[in-house]
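Below, each value reflects all heavy atoms present in this structure, side chains not excepted, and no hydrogens, waters or symmetry copies. This is a predicted model, so every value here is computed, not measured.
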Amino acid sequence: QVQLVESGGGLVQAGGSLRLTCAASGRTFTGRAMGWFRQAPGKEREFVATINWNGGSTDYADSVKGRFAISRDNARNTVYLQMNSLKPGDTAVYYCAATMRAGLTWNKAQYDYWGQGTQVTVSS
């Protein structure tokens, strides 16, 4: 079992930065790929970023490439999402997710565990 808790969301001006943190419980975190997803008002939950089991590979949605960076610290059972150059379109609830897969995973249906979400609001 994996429990995930996101933190670090908040209100930020356009062009600003935030770093989201996902704290995972249990030793099963180590071998799992992780992802970040977001859900804006009236929208479906969408892929943002994924990182493989050891942090050696990452991938991002086109909408955030060059602005966001996912990373992980397996020793601390923690994954991060650094968000720079934030835009109003980034406003959403951001969710951390864990999959049984070790490799990069883009499909939300392949994730087994989800955090409660943290709100990110970008004002203009």
Side-chain angles (χ1 to χ4, degrees):
Q1 299 295 314
V2 178
Q3 290 79 46
L4 306 172
V5 179
E6 303 97 333
S7 62
L11 176 64
V12 64
Q13 295 288 128
S17 297
L18 286 172
R19 188 177 77 161
L20 306 184
T21 298
C22 174
S25 69
R27 300 173 70 185
T28 55
F29 173 83
T30 303
R32 299 175 180 268
M34 301 289 292
W36 285 97
F37 292 77
R38 67 188 184 187
Q39 188 164 18
K43 303 286 189 178
E44 295 294 317
R45 192 169 300 184
E46 67 177 2
F47 168 77
V48 174
T50 183
I51 187 166
N52 79 334
W53 70 278
N54 67 1
S57 297
T58 60
D59 198 26
Y60 303 89
D62 288 344
S63 59
V64 307
K65 282 180 180 175
R67 300 188 297 120
F68 289 12
I70 187 172
S71 60
R72 68 191 297 161
D73 184 344
N74 284 351
R76 301 182 113 92
N77 284 349
T78 304
V79 63
Y80 305 95
L81 185 68
Q82 179 66 47
M83 305 186 294
N84 298 324
S85 301
L86 283 162
K87 305 173 180 179
D90 297 318
T91 294
V93 176
Y94 283 71
Y95 297 90
C96 177
T99 176
M100 65 172 285
R101 295 164 45 84
L104 298 177
T105 302
W106 299 263
N107 186 349
K108 63 187 176 187
Q110 294 182 291
Y111 284 87
D112 306 295
Y113 303 99
W114 296 83
Q116 83 289 346
T118 186
Q119 176 71 49
V120 172
T121 303
V122 184
S123 65
S124 60

Enquirer: Same cluster or not: are Val79 and Tyr113 linked, directly or through other Ile, Leu, Val, Met, Phe, Trp or Tyr residues, by side-chain heavy atoms under 4.5 angstrom apart?
Expert: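 Yes, one cluster joins them.
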Enquirer: Val122, Val64: one ILVMFWY side-chain cluster at the under-4.5 Å cut-off?
Expert: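 Result: yes, single cluster for both.
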Enquirer: Which residues satisfy the side-chain hydrogen bond (donor to acceptor under 3.5 Å, both in side chains) test with Ser57, sequence neighbours excluded?
Expert: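 Checked Ser57 against side-chain hydrogen bond (donor to acceptor under 3.5 Å, both in side chains); zero matches.
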Enquirer: Got a sec, which pairs hit disulfide (SG to SG under 2.5 Å) with one end in residues 34-124, sequence neighbours left out?
Expert: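 Those involving residues 34-124 are Cys22-Cys96.
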Enquirer: When Ile, Leu, Val, Met, Phe, Trp and Tyr are grouped by side-chain heavy atoms lying under 4.5 Å apart, directly or through other members, which residues fall in the same group as Val93?
Expert: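 Phe37, Phe47, Tyr95, Leu104, Trp106, Tyr111, Trp114, which link up through side-chain heavy atoms under 4.5 Å apart, make up the rest of the cluster.
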Enquirer: Roughly how far, to the nearest 0.5 Å, is CG of Asn52 from CG of Asp59?
Expert: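 Atom-to-atom, Asp59:CG and Asn52:CG are 11.0 Å apart.
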Enquirer: Suppose we screen for side-chain hydrogen bond (donor to acceptor under 3.5 Å, both in side chains). Which residues come up paired with Gln110, at least two apart in sequence or across chains?
Expert: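 Listed in chain order: nothing, the list is empty.
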Enquirer: Which heavy-atom pair separates Arg32 from Ala98 by the least distance, and what is that distance?
Expert: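 The answer is CD-CB, 4.2 Å.
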Enquirer: State, to 0.1 Å, how close Thr50 and Met34 come at their nearest heavy-atom pair, and which atoms those are.
Expert: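 For Thr50 and Met34, the tightest heavy-atom pair comes out as OG1-O, 3.0 Å.
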Enquirer: Residues in side chain to side chain contact (heavy atoms under 4.5 Å, CB included) with Thr58, at least two apart?
Expert: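 Partners of Thr58 under the side chain to side chain contact (heavy atoms under 4.5 Å, CB included) test: Ile51, Tyr60, Ile70.
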Enquirer: Which heavy atom in Ser25 sits nearest to a heavy atom in Gln3, and how many Å separate them?
Expert: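 Nearest heavy atoms, Ser25 then Gln3: OG-OE1, 2.6 Å.
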Enquirer: Considering only residues two or more places apart or on different chains, which pairs with a residue in residues 36-56 satisfy salt bridge (charged side-chain N to carboxylate O under 4.0 Å, His left out)?
Expert: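 Salt bridge (charged side-chain N to carboxylate O under 4.0 Å, His left out) check on residues 36-56 returns Arg38-Glu46, Arg38-Asp90.
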Enquirer: Carefully, step by step, assess Thr118 and Glu6 under the rule side chain to side chain donor-acceptor pair (under 3.5 Å).
Expert: CA-CA 6 Å; Thr118 186; Glu6 303 97 333; over 6 Å; no
Enquirer: Contact between Tyr94 and Met83 at the side-chain level, heavy atoms closer than 4.5 Å - yes or no?
Expert: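 Answer yes - side chains close enough.
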Enquirer: According to the salt bridge (charged side-chain N to carboxylate O under 4.0 Å, His left out) rule, which pairs have a member within residues 94-109, sequence neighbours left out?
Expert: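 Residue pairs passing salt bridge (charged side-chain N to carboxylate O under 4.0 Å, His left out), neighbours aside: none found.
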Enquirer: Once side-chain hydrogen bond (donor to acceptor under 3.5 Å, both in side chains) is applied, do any residues pair with Asp112, and if so which ones, sequence neighbours excluded?
Expert: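 Expected list: none.
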Enquirer: Show me, pair by pair, the donor-acceptor contacts under 3.5 angstrom made by side chains of residues 9-20, not counting sequence neighbours?
Expert:
from, atom 1, to, atom 2, distance (Å)
Gln13, OE1, Ser123, OG, 2.8
Ser17, OG, Asn84, OD1, 2.8

Enquirer: Run the side chain to side chain contact (heavy atoms under 4.5 Å, CB included) test against Ala102 and tell me which residues pass, sequence neighbours left out.
Expert: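 Counting only residues at least two positions away or on another chain, Ala102 forms a side chain to side chain contact (heavy atoms under 4.5 Å, CB included) with Trp53.
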Enquirer: Side chains of Asn74 and Arg76: is there a donor and an acceptor less than 3.5 Å apart?
Expert: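 There is no such pair between these side chains.
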